[in-house]
Every structure is written in C-alpha cells, then in structure tokens.
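We name chains A, B, ... by the order of the sequence lines, and we start the count at 1 in each one.
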Protein chains: 2
Amino acid sequence: MLTNRSSSRMTRPAEDSAPNAEDVAQLAELLVRTSRRLRRSSMAELGPMGLTGAQARVVRYLVAVGHPARMADIAAALEVVPRTATSVVDDLEAAKLVARATDPRDRRSVLVSLTDEGVLLLDRIAQARRRTAEATFSALSPKQRGELTRLLTVCCGPNERCGSGGPQPRPAHSRRGH
Amino acid sequence: MLTNRSSSRMTRPAEDSAPNAEDVAQLAELLVRTSRRLRRSSMAELGPMGLTGAQARVVRYLVAVGHPARMADIAAALEVVPRTATSVVDDLEAAKLVARATDPRDRRSVLVSLTDEGVLLLDRIAQARRRTAEATFSALSPKQRGELTRLLTVCCGPNERCGSGGPQPRPAHSRRGH
DNA sequence: TATTGTTATACTCTATAACTATA
DNA sequence: TATAGTTATAGAGTATAACAATA
C-alpha cells in the first residue's frame, strides 16, 4: 500500500511538471510492448533473408541519403555509438552487401557504399518493412496511424535528423560512483 | 530513384488493405527510434541502482498482481519465452530481490515472490520510471500523451493481458527451408 | 591536442533445442 | 503424452575503454 495509485489527483507537490505521473509511466510501458512486437515481427520478416533490423536500417539509410556515407553519419542516423555502427557494417560487409573505402579527403574517415548485391535487396527490404508494420499496426485505422505518426514525430523529431537524439554517450559515467 | 516515394497515391493494387504503405513503414521507424530513446533513458535511470529494464518490469509485475507469481505468468506478462523469464528471475534472485519456491500444489511450477529487500525498491523504481517517461515524452502535452496512450492501447491491447501478444515462438521454424 | 574509427571486452535481452521432473 | 521450468548454446544490439591513424 505504499504507492497504491491513490486517486492520482492530489499528487502534485508543485515540484514536478507532470500533471499525471502515472499516465506517462503507463505510456512508457505501452511503448515498450509495442516496440517488442515490432521487433519480433521484424526479425520474422528479415531473418529469412539473412538480415537483422539494424542491418536493414543501415541499408535503407544508404539509399535514402545516397551512398557512400561516412561511418559517423551512419552512427548518428541510427542513434548509436560509433562502435555499434562498426559492428553492423562489419556484418553487412561480410555478407558483401556494402563495401568500405577510405575517404581520400580525410583519410581517417571510412566511406560505406552499397554493393550491387546490396542494391538488389532493396525491394525485398521494403516489402518486409511493410509487412512488419502492417502486422504491428493492423488494429489501427489509417487515420489513427496518421495521428500516431504525428505524435511520435512531435516527441522524436522528423524522420531523419533527430533533434535531441543521439546515443548520448553518458557524460563521463553519469552517477556510478554516487 | 527506385522507390522515390512517388505520389504515394496511385499505389493501391487492391491486393493490400493498406491505403498508404509508405506511411505505416515510417510509423514503424518512428516507433523504433522512440523506444530506443526510452530504453537508453531507462538504463540511465535504473542502472545506477543495479537494475535492468526487464528486471524492473518483473518487480512491478509482482507488485501489480500480488506475489508469489508463477514463472509462466511472468513470462506471459513480459511477452517473452519461458527461458527469458528464467534468466531475468535468476538475476533478481542473485541480487536477493526475489525468492523462488516450489508450488506445493503442482511441484513442476515455480513461485516467485519479492523479498523484503525487493519491496524496498518499489519507490525508487517508480521514481525512475517517471523520470524515464518524462525524458522521453517531454515534448508532448498532457493531452497528446493521453492520445498517444489511447492509440497504443488500441494496437497493443490494455495494459496487462495483451491480446495477440506473446512471444509467439515461431511455429517450428517459420520459413527457413523456403 | 582533437577526431575517426577500430580492437577488446562485457552485458542485456532474447531465441531455439534438449533435458528433467512432474502431472 | 503433455506441461513447467531448466541447462546449454547462440546471436542481436549496445555500451565503455584503450588505442591507432590522421588531422
């Protein structure tokens, strides 16, 4: 009976700007569940063609912005730390779907480009993506899907280029040493 | 220029019930990004107290339904395969936050209950959860949060007890052998 | 010195398969 | 035979830290 979600009405000690703290926590839980279903569906669709979700996102990014793309830009687009992008590109390179090259202008940079074989996958990826999304959002009407997209865009920024996003590699180590 | 999101208007071959296939795929991408941010925020909040997201969800489930709870019910609530629930409970048990016991009525079953130490964590978990949700949905107004919750509930079912959810351990292996 | 990417390592979450104990 | 949970194994995804090459 510690926090037995009382009336959730008189709990506003003027310290937090949340008008209904319990609701926003429930929202987080719902999002976790929805995203888990989406991931499962995505694996079921992409797995048989030998791709993972992150790999498919890299391929789509390369198409969207036009390859070659720098490794750092891929990491930013995926909102991950550079090391993670390296891993994903490693796997794609092993599958001969992308190729690495050194940028002649800045030889520290790595340019990643799609191979012909990688380009051939585009249609199948797009189809898998549609099926995944359909499976996850089938209970929503088109209008509701539009509304959901709008709301997520508000809290996450437009499709590419995410505002406060980024992997935010914690400033030092946030509070481990208490 | 293969699928350069043309007018997205004449692509309705009457085979798919999606009136706007590209939009629903974009919706999936947005959800992936939002959930990644939520997970990062969750790790940042829970990590310092030695908990992971899945562990915190188990603790919250035990409180919500009243412990002890059977392992199979925990797995169903988390929408994971039984093996995953075992892993998470293993870690919680190692941290002395939960305890296992054999159900005397069906000695195959395992009953999981919170320890006193586990109960003491509840407030801190709730606070971390609020901060996580706030960080992720800060750009949304209370009204928008309510709308988002409603939409996700439609496509994911109410909070506990998820309709078509479940880990759906693929029927044999779905289409590996083509 | 600062930046780009990497090697090295570790951990969370999740899955399939085979097995044990019980029903 | 069917069910509940486990051991064993694997792999996706991601992170920090130390380092190399380059700027």
Side-chain angles (χ1 to χ4, degrees), chain A residues 32-33 35-37 39-44 46-47 50-58 69-76 78-94 100-112 166-174 176, chain B residues 32 35-37 39-44 46-47 50-58 69-76 78-95 100-112 166-174 176:
Chain A
V32 166
R33 287 231 308 273
S35 73
R36 181 176 301 124
R37 291 188 191 186
R39 182 173 40 70
R40 263 202 308 266
S41 180
S42 176
M43 282 176 58
L46 292 169
L51 278 182
T52 68
Q55 287 166 21
R57 278 201 299 283
V58 167
R70 292 193 327 137
M71 188 66 78
D73 294 334
I74 294 173
L78 264 62
E79 296 187 13
V80 294
V81 110
R83 178 65 185 92
T84 303
T86 293
S87 292
V88 177
V89 169
D90 280 349
D91 294 339
L92 285 172
E93 192 180 29
R100 278 182 168 91
T102 300
D103 186 344
R105 257 115 44 123
D106 181 346
R107 303 198 19 205
R108 297 171 301 180
S109 291
V110 166
L111 297 177
V112 180
Q168 275 160 324
R170 295 153 196 174
H173 31 298
S174 50
R176 202 55 179 279
Chain B
V32 166
S35 73
R36 181 175 302 123
R37 291 188 190 185
R39 182 173 41 70
R40 261 200 312 265
S41 181
S42 176
M43 283 176 58
L46 293 169
L51 279 182
T52 67
Q55 289 167 20
R57 279 201 298 282
V58 167
R70 292 192 326 138
M71 188 67 79
D73 293 334
I74 294 174
L78 264 63
E79 296 186 15
V80 294
V81 111
R83 178 66 185 93
T84 303
T86 292
S87 292
V88 178
V89 168
D90 279 349
D91 293 339
L92 286 172
E93 193 180 29
R100 277 182 169 93
T102 302
D103 186 344
R105 256 115 45 121
D106 182 346
R107 303 198 19 205
R108 295 171 301 182
S109 290
V110 167
L111 297 177
V112 180
Q168 275 162 321
R170 293 146 193 183
H173 31 297
S174 50
R176 204 53 178 282

To the nearest Å, how far apart are [X] [atom1] and [N] [atom2]?
{"X": "A/Arg70", "N": "D/dA23", "atom1": "CZ", "atom2": "P", "answer": "13 Å"}
{"X": "B/Met43", "N": "D/dG13", "atom1": "CE", "atom2": "C1'", "answer": "10 Å"}
{"X": "A/Asp91", "N": "C/dT6", "atom1": "CG", "atom2": "P", "answer": "13 Å"}
{"X": "A/Met71", "N": "C/dT7", "atom1": "CE", "atom2": "C1'", "answer": "13 Å"}
{"X": "A/Glu79", "N": "D/dT14", "atom1": "CD", "atom2": "P", "answer": "10 Å"}
{"X": "B/Arg105", "N": "C/dA21", "atom1": "CZ", "atom2": "C1'", "answer": "19 Å"}
{"X": "B/Leu78", "N": "D/dG5", "atom1": "CG", "atom2": "P", "answer": "14 Å"}
{"X": "B/Asp103", "N": "D/dG5", "atom1": "CG", "atom2": "P", "answer": "9 Å"}

Using only side-chain N and O atoms of [X], determine if any of them is under 4.0 Å from OP1 or OP2 of [N].
{"X": "A/Thr84", "N": "D/dA15", "answer": "yes"}
{"X": "B/Thr52", "N": "C/dT12", "answer": "no"}
{"X": "A/Thr86", "N": "C/dT6", "answer": "yes"}
{"X": "B/Arg39", "N": "D/dT14", "answer": "yes"}
{"X": "A/Arg83", "N": "C/dA8", "answer": "no"}

Taking the side chain as every heavy atom from C-beta outward, state whether [X] and [Y] have any atom pair closer than 4.5 Å.
{"X": "A/Val58", "Y": "A/Leu92", "answer": "yes"}
{"X": "A/Thr52", "Y": "A/Met43", "answer": "no"}
{"X": "A/Ile74", "Y": "A/Val112", "answer": "yes"}
{"X": "B/Arg37", "Y": "B/Arg40", "answer": "yes"}
{"X": "A/Thr84", "Y": "A/Glu79", "answer": "no"}

Of the nucleotides [options], which one has an atom closest to the side chain of [X]?
{"X": "B/Val80", "options": "D/dG5, C/dA15, D/dT6", "answer": "C/dA15"}
{"X": "A/Val81", "options": "D/dT14, C/dG5, D/dT16", "answer": "D/dT16"}
{"X": "A/Arg108", "options": "D/dT22, D/dA4, D/dT6", "answer": "D/dT22"}
{"X": "A/Arg40", "options": "C/dA15, C/dG5, D/dG5", "answer": "C/dA15"}

Would you please test B/Leu111 and B/Arg100 for side-chain contact (heavy atoms from CB on, under 4.5 Å) and show each step? CA-CA 6 Å; B/Leu111 297 177; B/Arg100 277 182 169 93; over 6 Å; no

Report the residue (A/Gln55 or A/Pro104) whose heavy-atom-nearest nucleotide on DNA chain D is the more 5′ of the two. A/Gln55

Select from A/Arg57 and B/Asp73 the residue whose nearest nucleotide in DNA chain D is closer to the 5' end of that strand.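 Checking each residue's closest nucleotide, the 5'-ward one belongs to B/Asp73.
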
How would you label the contact of [X] with the nucleic acid (heavy atoms, under 4.0 Å): base, sugar-phosphate, or nothing?
{"X": "A/Asp106", "value": "sugar-phosphate"}
{"X": "A/Arg107", "value": "sugar-phosphate"}
{"X": "A/Arg36", "value": "sugar-phosphate"}

Looking only at atom types and distance, does a side-chain atom of A/Arg36 sit under 3.5 Å from a main-chain N or O of B/Val80, one as donor and one as acceptor? no

Compute the bend angle of the helix from C/dG5-D/dC19 to C/dA23-D/dT1 from the end axes (five pairs per end), rounded to 10°.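 About 10°, once rounded to a multiple of 10°.
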
For a side-chain hydrogen bond (donor to acceptor under 3.5 Å, both in side chains) check, start with the C-alpha distance between A/Arg83 and A/Ser87, then their side-chain angles and the critical distance, and finish with the verdict. CA-CA 6 Å; A/Arg83 178 65 185 92; A/Ser87 292; 2.8 Å; yes

